[in-house]
Amino acid sequence: MAWSQSEKDKARLLGLGRLEDKRVAFAESLKAQGLSFTDALLVQQGGGFQGVGRAGERLYLLTGPAPGDADADFVCERLDGLRASFEPFLIESEGMGGMLGMGKKGGRGYRLMLLWNGGEREMSFVPALMCILDVRPGDRFALAETARNKKVYNFVWDFPAIDVRAMDRIAARWAEMVP
């Protein structure tokens, strides 16, 4: 018996292929601009991501679309005149704290607030609730690789789940890097 895909599966695979095409084009544009990120801090949100990257002494806002978001694109925006803060915060649990599907799970994390000439952005990094990618000098950064991934792939699948202690170390490192 032959294996066949549903129309929904075919559409999902097509969306992932288009997403990888966009990622490769984005990586090639970064390379053409001479941008090479030594550090990056990204958080998965809604199938896509947002975060910051450091190239040289400059910080950049990095965002990427979810697989089904055909209109959105990867974006790299230089943050001129940046003022930023990286502060701890707490999300209170509700009800039974998510046990047995009741209520909401809480968490302790960090909020990165960015203000620059032309915009502002707030990002939350909560280890128990989100997948977070922290790229350090010398690490592989798949977002900026120009080679196309041969498998069905979404860049955010590389984002690991991290614990609170690891997030504390990441936050301390980034607190020193943001002005």
Side-chain angles (χ1 to χ4, degrees), residues 15-89 91 109-127 129-149 153-162 166-179:
L16 286 168
R18 287 183 182 142
L19 182 67
E20 181 64 0
D21 291 341
K22 287 181 181 183
R23 188 204 60 78
V24 170
F26 178 71
E28 288 171 349
S29 75
L30 292 176
K31 187 176 181 181
Q33 295 173 51
L35 284 176
S36 177
F37 294 99
T38 55
D39 301 273
L41 180 60
L42 309 174
V43 62
Q44 183 178 357
Q45 289 190 315
F49 69 90
Q50 67 174 342
V52 292
R54 189 176 84 171
E57 294 302 313
R58 293 195 176 274
L59 288 177
Y60 294 80
L61 177 66
L62 301 170
T63 59
D69 196 351
D71 296 331
D73 210 345
F74 290 89
V75 175
C76 175
E77 182 177 350
R78 191 168 80 189
L79 303 176
D80 290 325
L82 177 66
R83 294 183 318 276
S85 64
F86 206 67
E87 300 170 357
F89 78 103
I91 298 174
Y110 291 85
R111 185 171 290 124
L112 175 60
M113 288 160 288
L114 305 169
L115 295 166
W116 70 95
N117 300 341
E120 62 182 70
R121 179 74 60 112
E122 182 177 302
M123 293 174 232
S124 298
F125 299 87
V126 185
L129 304 176
M130 302 169 174
C131 292
I132 298 165
L133 180 66
D134 178 39
V135 178
R136 295 169 178 259
D139 287 353
R140 174 181 175 264
F141 189 32
L143 177 63
E145 292 178 355
T146 56
R148 183 176 172 76
N149 197 308
Y153 178 73
N154 181 353
F155 166 69
V156 298
W157 294 345
D158 285 343
F159 291 24
I162 61 171
M167 187 67 230
D168 289 341
R169 289 189 298 274
I170 291 167
R173 187 171 86 83
W174 277 91
E176 292 176 6
M177 279 194 277
V178 294

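- Within the structure, every pair that satisfies the side-chain hydrogen bond (donor to acceptor under 3.5 Å, both in side chains) test and touches residues 58-73, not counting sequence neighbours, is listed here: Arg58-Asp80.
- Of all heavy-atom pairs spanning Ala147 and Glu20, the tightest one is O-OE2, 4.3 Å.
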Query - Phe155 vs Leu19, side-chain contact (heavy atoms from CB on, under 4.5 Å): CA-CA, chis, key distance, verdict - result: CA-CA 9 Å; Phe155 166 69; Leu19 182 67; over 6 Å; no

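- Residues Pro67 and Gly47 approach most closely at CD-O, 3.7 Å, considering heavy atoms.
- Annotation for Val43 and Phe159: closest pair C-CE2, 3.8 Å, computed over non-hydrogen atoms.
- Phe37 and Phe141 have perpendicular rings, their planes meeting at more than 60° on a 0 to 90° scale where under 30° would count as parallel.
- Counting heavy atoms from C-beta on, the side chains of Val75 and Leu61 never come closer than 4.5 Å.
- For the pair Leu35 and Ala55, the tightest heavy-atom approach, listed with the atom from each and the gap, is CD2-CB, 4.0 Å.
- Here the shortest heavy-atom pairing between Thr146 and Val24 reads O-CG1, 3.4 Å.
- Closest approach of Leu30 and Ala144 over heavy atoms only: CD1-CB, 4.4 Å.
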Show every donor-acceptor pair shorter than 3.5 Å between a side-chain atom in residues 168-175 and any protein atom, with sequence neighbours excluded, or say none if there are none.
residue: Asp168; atom: OD1; partner: Arg108; partner atom: NH1; Å: 3.0
residue: Asp168; atom: OD1; partner: Tyr110; partner atom: OH; Å: 2.7
residue: Asp168; atom: OD2; partner: Arg108; partner atom: NH2; Å: 3.2
residue: Arg173; atom: NH1; partner: Asp39; partner atom: OD1; Å: 2.7
residue: Arg173; atom: NH2; partner: Asp134; partner atom: OD1; Å: 2.7
residue: Arg173; atom: NH2; partner: Val135; partner atom: O; Å: 3.3
residue: Trp174; atom: NE1; partner: Asp134; partner atom: OD1; Å: 3.0

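- The number of heavy-atom neighbours closer than 6.0 Å to CZ of Arg54, taken from other residues, nucleotides and ligands shown, is above 12.
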Would you list the atom pairs, donor with acceptor, under 3.5 Å between side chains in residues 118-125 and any protein atom, with sequence neighbours excluded?
residue: Arg121; atom: NH1; partner: Gln50; partner atom: OE1; Å: 2.7
residue: Glu122; atom: OE2; partner: Arg111; partner atom: NE; Å: 3.0

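- Under a 4.0 Å N-O distance rule, the pair Lys31/Glu28 does not qualify as a salt bridge.
- Proximity of Phe49 to Leu143: side-chain heavy atoms (C-beta onward) are separated by under 4.5 Å at one or more points.
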